[in-house]
Amino acid sequence: MDKLMLLSQINLLDELPEEEFKKLGEVTLTAPIKKGTIILSPTQQMRSFFFLKKGQVRLYKVSSTGKEFTVDLLSEGNVFGETSSFSLTESEIYAETMVDSFVCTLTKDRFEDFIRQNPDIAINLITILTSKLKEMYQITESIAYKDVKYRIVLLLMQLSNRFGVRSGEWQTVGVKITQNDIASMIGSSRETVSLFLGELEKEEVIMKKPLKINTALAKELYEVDEG
DNA sequence: GCATTAAAGGACT
DNA sequence: AGTCCTTTAATGC
């Protein structure tokens with residue numbers, strides 16, 4: 001029920017291409033951040049923009065019962081955070097580093113100035129947000145019309161296209177992810193995810209540790225688009 | 001077709 | 001050694 005809500009909410013968080021990232025890196029200072037550090041939470045309304053230079057960050061929400069629901073995973077090159085003009089929701093998002101990371105921090109003003117001075121970046125942000133929007137739309141639609149197995153394949157395809165490395169038909173997922181993370185991102189349960197990952201492994205659609213997906217087979221068997 | 005519960009085995013620090 | 005993660009099975013909606 002509220003899982004659908006959760007997944008359909010839009011935050012400004014996304015990845016920037018390498019060149020733009022380097023430009024931004026010149027304007028900011030990077031700081032090393034240890035694994036398990038919460039760099040953004042509803043209480044610390046820092047109103048700043050973060051730039052993940054290296055590492056991995058998990059975005060999640062906390063339910064009324066105290067359970068954590070992973071919303072998205074970010075890898076190096078990603079931007080996240082809120083500015084006064086870009087925040088699209090009041091949702092209470094937490095951001096936690098999953099591994100030791102390097103993070104650039106920008107105030108909202110400096111980020112907005114940076115965009116004004118580099119119009120190409122605004123275009124890129126729109127492009128990136130559009131593809132992110134498409135991904136989220138695909139997920140919410142699949143929650144309504146498809147079974148859990150399909151949703152797992154879809155999510156792994158999306159993640160591997162965003163973060164993974166391809167070699168032949170196989171493509172790594174590219175992010176550290178638990179079955180719990182997968183479950184909350186597709187509106188399922190950890191145990192069911194475990195079951196279907198097992199099946200998908202037998203079908204040789206995926207391989208575990210490191211998690212990889214056979215994109216050709218996945219498209220053939222589950223008709224997920226894009227590649 | 002799936003969530004939930006429970007119970008047990010494995011992996012990570 | 002203790003916590004987190006995964007697997008398996010039973011039950012019920």
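Keep in mind the model is a prediction, meaning the values are calculated, not measured. Labels below follow one simple rule: chain letters A, B, ... track the order of the sequence lines, proteins then strands, and each chain is numbered from 1.
Of the candidates B:dT4, B:dC2, C:dC5, the closest approach to any side-chain atom of A:S189 belongs to B:dT4. Proximity note for A:K208 (side chain, C-beta onward) versus C:dT6, B:dC2, C:dT7: the nearest is C:dT7.
Counting non-hydrogen atoms under 4.0 angstrom, A:F196 reaches the backbone sugars and phosphates but no base.
At a cut-off of 3.5 Å, with distance as the only test, no side-chain donor of A:N161 or A:E135 sits close to an acceptor on the other residue.
Taken from CD1 in A:I206 to CD1 in A:I152, the straight-line distance is 8.0 Å, to the nearest 0.5 Å.
For A:K176 and A:D181, the salt-bridge test fails: no basic side-chain N is under 4.0 Å from an acidic carboxylate O. The residues A:E68 and A:K61 are annotated as not salt-bridged, no charged nitrogen and carboxylate oxygen being separated by less than 4.0 angstrom.
At whole-Å resolution of the value, CZ in A:R190 and P in B:dG10 are 18 Å apart. Atom CD1 of A:I143 is separated from atom P of B:dC2 by 12 Å (rounded to the nearest Å). Atom-to-atom, CZ of A:F69 to P of B:dA3 comes out at 12 Å; the value is rounded to the nearest Å. B:dG9 atom P lies 18 Å from atom CD of A:Q179, rounded to whole Å. To the nearest angstrom, P of B:dC2 lies 10 Å from CD of A:E199.
Contact check, A:S188 against B:dC2: no side-chain N or O comes under 4.0 Å of OP1 or OP2.
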Kindly give the atom pairs (protein nitrogen or oxygen, nucleotide nitrogen or oxygen) under 3.5 Å for nucleotides 11-13 of chain B.
residue	atom	partner	partner atom	Å
B:dT13	OP1	A:K35	NZ	3.2

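Aromatic pair A:F69/A:Y60: centroids not less than 6.0 angstrom apart.
Here the side chain of A:T140 pairs a donor or acceptor atom with the backbone of A:M136 at under 3.5 angstrom.
Other residues, nucleotides and ligands contribute only 12 or fewer heavy atoms inside 6.0 Å of the NZ atom of A:K212. In the displayed structure, A:K208 atom NZ is contacted under 6.0 Å by more than 12 heavy atoms of other residues, nucleotides or ligands.
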Annotated protein contacts, base or backbone, on nucleotides 8-13 of chain C with a non-hydrogen cut-off under 4.0 Å, one of B, S, - each: B-----
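With sequence neighbours excluded, the residues that form a side chain to side chain contact (heavy atoms under 4.5 Å, CB included) with A:S142 are A:K146, A:Y150, A:R151, A:L154.
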